[in-house]
Trainee: 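Below is a structure I'd like to ask you about.
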Amino acid sequence: MPRPSTLDPLFRSLRSIKGVGPQLGALLNRFFSPGEGQDAIALDLLMHMPAGVIDRRRMDGVAGTFVGHTATLKLHIDRHEAPPRNMPTRPHRVFAHDETGEIQLVYFRAQGGWVEKLLPVGEDRYVSGEIGFFGGMKQITHPDYVIEVEKLATLPLVEPVYPLTQGLSSRALTKLIREVLGTLPELPEWIGEDRQAQFKWPSFHAAMTSVHVPAQPNDGELWGPARMRLAYDEYLAGQLALLIVRSTLVSARGIARTFTGEITARVETALPFALTEGQKHAVEDIRRDLAAPERMSRLLQGDVGAGKTVVALMAMAAMAESGAQSSLMSPTELLASQHFRTLKPLADAAGLGIALLTGKQPAAERRAILEGIASGATSIVVGTHALFQSGVEFHNLGLTVVDEQHRFGVHQRLALSEKGKYTDLLVMTATPIPRTLVLTHFGDMAVSVLREKPRGRQPIDTAVLSITEYPRVIQRLQARIAEGAQVFWVTPLVEESEVLDVVSAEDRFAALKTEFGDQVALVHGRMSAAAKQEVMDRFQRDEVKILVATTVIEVGVDVPNATIMIIEHAERFGLAQLHQLRGRVGRGTQRSACLLLFKEPLSETAKARLETIKSTEDGFEIAERDLDLRGQGDVLGTRQSGMPGYHLAVPDVHRHLLEWAHGDAQAALKDNPGLTGPRGEALRTLLYLFRKDLALPLIRAG
Ligand code: ADP
Ligand code: MG
């Protein structure tokens, strides 16, 4: 179905709007940045929400005004006092009065006689602006409006104020937006009857009118019914689109798996520890999903060190019991081979075929691995994302496990679902994601959370110290290393430049070498996978005591004997990253420490970040705090991945509506998967309105 023609006026280029010339057009394009080669459209203006209102309704006469407040006065103009010719910086003053008192209207740089024309002596005018006080008298400097008496109706008594941009005044926007609003038709109602009966929200049209042309100052306030409705609409459109995309990806065409329980039992026996309650629950969740006829789409959230890998292994073992293969994908080859080494002995003990596939294996070895995968002899394939790009043929792939999801962009995620079209999906993330973000970014993925850490975990002592204390740090380190400790030393992030990251790592490496000699090793992102692996192996075998690293070690690396984490230039790292890095220690049975070295000057937010990390180890608390400090776009690195933000919804205020929109979208699609009939058409209109119509072709006919 093409876009409903009723919406056409909203999709025309802004340049076609009366009063938008080339200059203003260019300005608006810069402001709304519609993308390469495109013009901003009327809809952009409609969706541009005011930041507040100016209330001009106070009309109590000069005597009734308060300094600092905005008022509208009906004034009689008495006389003008232009600045003397030799003093052009003096203001032009207009003396006026009403029956309650006198006031001055003040204009700077008012040459050319336009003020005289605007405010003719002897006539009455409505004047609106902020009341000031100067030289013992009330005044208005540069009134916002001067209006002839019979044209009072054109004065916006409650005036919305729009966020400004260079060269684009709120007033100009107001005019354009009113113009666009005039072309907005009444649209069919897409909100379900139940929801409408519950809230009695205004229609979309009425809500937009309340916001852009408010009659009362609170008509458009964030928690008022108009903005609530619009926020809900935006969430609903987003959720609907996500669900449509997912329902086609996931579809009902999963396979209901049955399990013998044999292999999982052997894995459990082979584990050197008992599963935690959280791990057991997660495994149960997953088995229930796999046993259901729908495709699984589950997010396994667990703080760093929470023990997600074992859960993944149990899932993959269950899959093998049902006769299907699994793949485990990591963001880097380093992590892939680490996973492989962790899992191999357990898989061997359980009689599960496991293989590691990297981009750098010799041809013969690779061929043998590919054969194992194609024949089905290999049950578990560990690799990176490249696994799916290299045309690997599976015998019968049933489950894909993606580790450290937030490292994968949205595009990769889609590509991945494309490949494993009918496979179950388990996504593991160490970034604890608040519920709002789960809904926003993952749609209706089911979630399992590992909250408790495996037994025996020690709390981590975190300290924040200036780099000027370097000599003392070295002294302490010497003592700790003599006691057998191993140390991660992470060097700063340099402006997203990998090259400079490496430079700073090499500098630190050289400096530490003068103190610790061969006990120090270096690993960074520019080394070959093999070289990295070799260094990691030596660190793991305790031949290296201090591992200097760029953030390549950020995710997943597991060395239980490493008990000290030092992060240099900690002020340059984000909260999530600091938390992840700290999670590299505290994995064994010994007490661990994390040292955050900073360099002055510290910004307020950097200070707040370091304080947060020092004060808590609870990943969820840190994630919430991160949300506060950075705003929601950034937590998942979504800026880079091109996720659009919200225009109408303000998550801090409207968060709760997201849950409802989610449930309502789910119900709507369940009742009406083809989006047919009047309600279906209305929902399609909604998707066009919020430019989520890319999801529409995915709706299956019938
Ligand atoms: P993450 O969730 O960060 O991926 P891992 O799966 O790497 O965590 O587990 C971290 C460490 O905890 C590993 O050394 C693992 O062997 C250990 N571990 C996992 N589960 C348990 C458990 N139930 N009891 C004790 N140790 C566990
Ligand atoms: Mg892990």
Side-chain angles (χ1 to χ4, degrees), residues 264 267-286 298-317 326 328-332 334-347 349-350 354 380 382 401-408 426-433 447-460 486 488 536 539-542 551 553-563 565 576-592 594 617-620 622-623:
T264 40
V267 170
E268 268 204 84
T269 317
L271 286 175
F273 45 72
L275 294 180
T276 64
E277 284 307 308
Q279 285 170 324
K280 280 187 203 156
H281 271 159
V283 171
E284 276 162 29
D285 288 343
I286 292 166
R298 183 168 286 274
L299 190 65
L300 176 60
Q301 275 183 253
D303 222 343
V304 173
K308 296 182 292 292
T309 316
V310 177
V311 175
L313 178 61
M314 291 294 283
M316 296 189 291
S326 302
L328 171 60
M329 305 207 310
S330 298
T332 65
L334 187 69
L335 289 168
S337 48
Q338 167 136 18
H339 268 140
F340 179 69
R341 267 175 304 126
T342 313
L343 297 176
K344 178 99 169 77
L346 296 166
I354 186 168
I380 298 175
V382 181
V401 182
V402 182
D403 192 18
E404 316 290 2
Q405 155 79 23
H406 63 289
R407 289 255 140 174
F408 291 100
L426 177 66
V427 172
M428 308 197 288
T429 172
T431 308
I433 309 170
V447 180
S448 299
V449 182
L450 301 181
R451 271 185 191 277
E452 48 172 341
K453 296 211 171 174
R455 260 180 295 280
R457 245 345 121 62
Q458 299 275 355
I460 301 168
Q486 281 184 284
F488 285 112
M536 289 306 300
F539 188 56
Q540 217 140 19
R541 288 196 301 266
D542 202 13
T551 45
I553 62 151
E554 183 187 332
V555 271
V557 173
D558 193 17
V559 182
N561 192 47
T563 53
M565 166 64 66
Q577 241 175 343
L578 290 172
H579 178 60
Q580 288 230 357
L581 286 168
R582 178 172 58 184
R584 296 299 116 222
V585 296
R587 303 193 139 211
T589 46
Q590 284 157 30
R591 208 167 169 92
S592 293
C594 173
E617 273 188 65
D618 181 334
F620 280 85
I622 290 170

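Reckoned from all heavy atoms, side chains included, excluding hydrogens, waters and symmetry mates. Because the structure is predicted, anything quoted here is derived from the model rather than measured. We count residues from 1, following the sequence as given. As the structure lists them, so they are numbered: ligands from 1, and atoms in each ligand from 1.
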Trainee: L275 heavy atoms, cut-off 4.0 Å: which ligand 1 atoms fall inside?
Mentor: 23 (N)
Trainee: Report yes if the side chains of L313 and L346 come closer than 4.5 Å at any heavy-atom pair, otherwise no.
Mentor: yes
Trainee: Using heavy atoms and a threshold below 4.0 Å, how should the contact between Q279 and ligand 1 be classified: side chain, backbone, both, or neither?
Mentor: side chain
Trainee: Tell me the closest heavy-atom pair linking I286 and A315, and the distance in Å.
Mentor: CG2-CB, 3.7 Å
Trainee: For atom 8 (O) of ligand 1, which of G586, G307, P560 has the closest heavy atom?
Mentor: G307
Trainee: Closest heavy-atom contact between I354 and A347?
Mentor: CG2-CB, 3.9 Å
Trainee: May I ask you to check if ligand 1 and K308 share an N or O to N or O distance below 3.5 Å?
Mentor: yes
Trainee: With a cutoff of 4.0 Å, is G302 in contact with ligand 1, counting heavy atoms of the residue only?
Mentor: no
Trainee: Please check if the side chain of E617 supplies one atom and the backbone of I460 the other of a donor-acceptor pair under 3.5 Å.
Mentor: yes
Trainee: I'd like to check which ligand 1 atoms, numbered from 1 as shown, lie under 4.0 Å from a non-hydrogen atom of T276.
Mentor: 23 (N)
Trainee: Give a yes/no verdict on whether any heavy atom in A274 is under 4.0 Å from an atom of ligand 1.
Mentor: yes
Trainee: Using side-chain contact (heavy atoms from CB on, under 4.5 Å) as the criterion, list what pairs up with T563, not counting sequence neighbours.
Mentor: R480, A485, Q590, S592
Trainee: Taking all non-hydrogen atoms of both residues into account, name the closest pair between M428 and A312 and its distance.
Mentor: SD-CB, 3.8 Å
Trainee: Heavy atom to atom 4 (O) of ligand 1, shortest distance: which of V311, V559, T309, L300 holds it?
Mentor: T309
